[in-house]
Amino acid sequence: MRGDATPHVRGRFAPTPSGRMHLGNAFSALMAWLSSRSAGGEMVMRVEDLDPRAQSRERAELLMHDLEWLGLTWDEGPYYQSERAELYGAALEELSARGLTYPCFCSRAELHAATAPHASDGAPIYPGTCRKLSADEVARRSATRPPAVRLRVPDEGDPAGTIEFSDLAFGARREVLARECGDFLVRRSDGVVAYQLAVVVDDALMGINQVVRGCDLLGSCARQIYLGRLLGYETPAYGHVPLLVAPDGRRLSKREKDLDLGALRERGARPERIVGALAAAAGLCDPGTDITPNELVALFAWDKIAAHRDSIVVDDAFLARLV
Ligand code: GLU
């Protein structure tokens with residue numbers, strides 16, 4: 001039973017509509033839904049269509065249809081990030097007014113060419129090139145190239161830059177921002193707010209207190225917690241779930257069209273079969289079980305996910321169970 005001190009769980013789906021729903025996205029969505037529903041919680045639908053070049057409303061609708069077809073429902077939304085630019089702008093302005101940001105003129109090529117070390121996600125750790133530009137220099141460079149905006153992170157010895165948190169599957173984590181990513185982008189040079197900032201603003205304004213997603217985003221968590229602290233937000237609980245990978249270890253990508261839900265549906269796959277295969281990979285039921293998300297609610301537990309947190313290999317045996 002829920003005690004007074006336990007907040008009502010509010011989780012979310014946060015798909016990026018850059019392609020059809022993929023098995024990997026379906027797995028993360030199923031885990032997010034089960035985690036919330038097994039605690040009697042709610043789900044919010046937020047379409048992460050920040051980048052106007054890569055996304056479309058039609059794709060977002062297909063993604064939502066695929067989730068519904070699997071039996072994954074939500075109580076609120078859809079919200080569209082493309083309609084919330086003012087909210088992100090206000091947060092950015094607040095950070096900038098406090099002197100926490102600075103314009104950055106480095107191009108992607110320059111950043112990758114620098115010999116700076118790379119963070120665990122492969123992105124270069126920003127060496128601070130534009131940190132100390134004078135106002136004159138900023139004005140001069142802005143005339144020819146619109147700057148991106150970076151958030152200043154505390155220097156390595158400053159305890160404010162060490163972020164500790166406990167992940168529902170991965171346990172205790174500790175990251176030093178200066179070592180993990182350095183000053184990070186909060187707005188791109190084309191004016192689009194960075195994912196890191198939008199996600200933090202949205203999770204807070206939507207009252208999300210549990211974030212469940214693929215473990216490719218585990219490395220973003222410290223940045224998001226830090227941003228949330230600066231903006232005075234409560235930190236949500238985080239749970240990162242394993243990724244689905246091809247037998248050679250490569251991450252399944254949206255390019256592998258034969259594994260998107262559109263293709264699987266065309267081949268006659270049924271939702272209970274797909275849900276069963278995904279749930280079995282997380283240790284929630286036996287392989288070969290046909291099951292609905294509702295039937296899985298009672299079987300869900302984070303310690304089972306924690307025991308199955310290695311990548312899930314989508315091999316021929318796995319595929320044979322889908323259709
Ligand atoms: N939109 C992101 C994705 O589809 C997920 C962001 C998040 O869950 O924080 O990968």
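Order of appearance sets the numbers: ligands from 1, and atoms from 1 within every ligand. In this text the structure is predicted, and so the values were computed from the model without any measurement. Sequential numbering from 1 along the given sequence is applied to the chain's residues.
- Note that Arg37 lies outside the cation-pi zone of Phe300, set by a 6.0 Å cut-off to the ring centre and a 45° limit from the axis.
- Tyr80 carries Arg57 over the face of its six-membered ring, with the cationic atom under 6.0 Å from the centre and within 45° of the normal.
- Atoms of ligand 1 lying under 4.0 Å from any heavy atom of Tyr195, numbered from 1 in the order shown and given with element: 6 (C), 7 (C), 9 (O).
- Summarising the local packing, CD of Glu76 is surrounded by more than 12 heavy atoms from other residues, nucleotides or ligands at distances under 6.0 Å.
- Listed by number with element, the atoms of ligand 1 under 4.0 angstrom from any heavy atom of Arg213 are 7 (C), 8 (O), 9 (O).
- With a 4.0 Å cut-off on non-hydrogen atoms, Val199 touches ligand 1 through its side chain and not its backbone.
- Of all atoms in ligand 1, listed by their number and element, those nearer than 4.0 Å to a heavy atom of Arg12 are 7 (C), 8 (O), 9 (O).
- A parallel orientation is assigned to the rings of His240 and Tyr238, their planes being inclined by less than 30° (bins at 30° and 60°).
- Evaluation of the ring pair (Phe, Tyr, Trp, His ring centres under 6.0 Å) rule for Trp74 yields no partner, not counting sequence neighbours.
- Here salt bridge (Lys or Arg N to Asp or Glu O under 4.0 Å) pairs that include residues 284-295, with residues two or more places apart or in two chains, are Arg270-Asp290, Arg273-Asp290.
- Contacts between Leu217 and ligand 1, counted as non-hydrogen atom pairs separated by less than 4.0 Å, involve the side chain only.
- Residue-ligand proximity, Glu48 to ligand 1, at heavy-atom distances under 4.0 Å covers atoms 1 (N), 2 (C), 5 (C), 6 (C).
- Considering backbone and side-chain N/O atoms, Gln224 never comes within less than 3.5 Å of an N/O atom of ligand 1.
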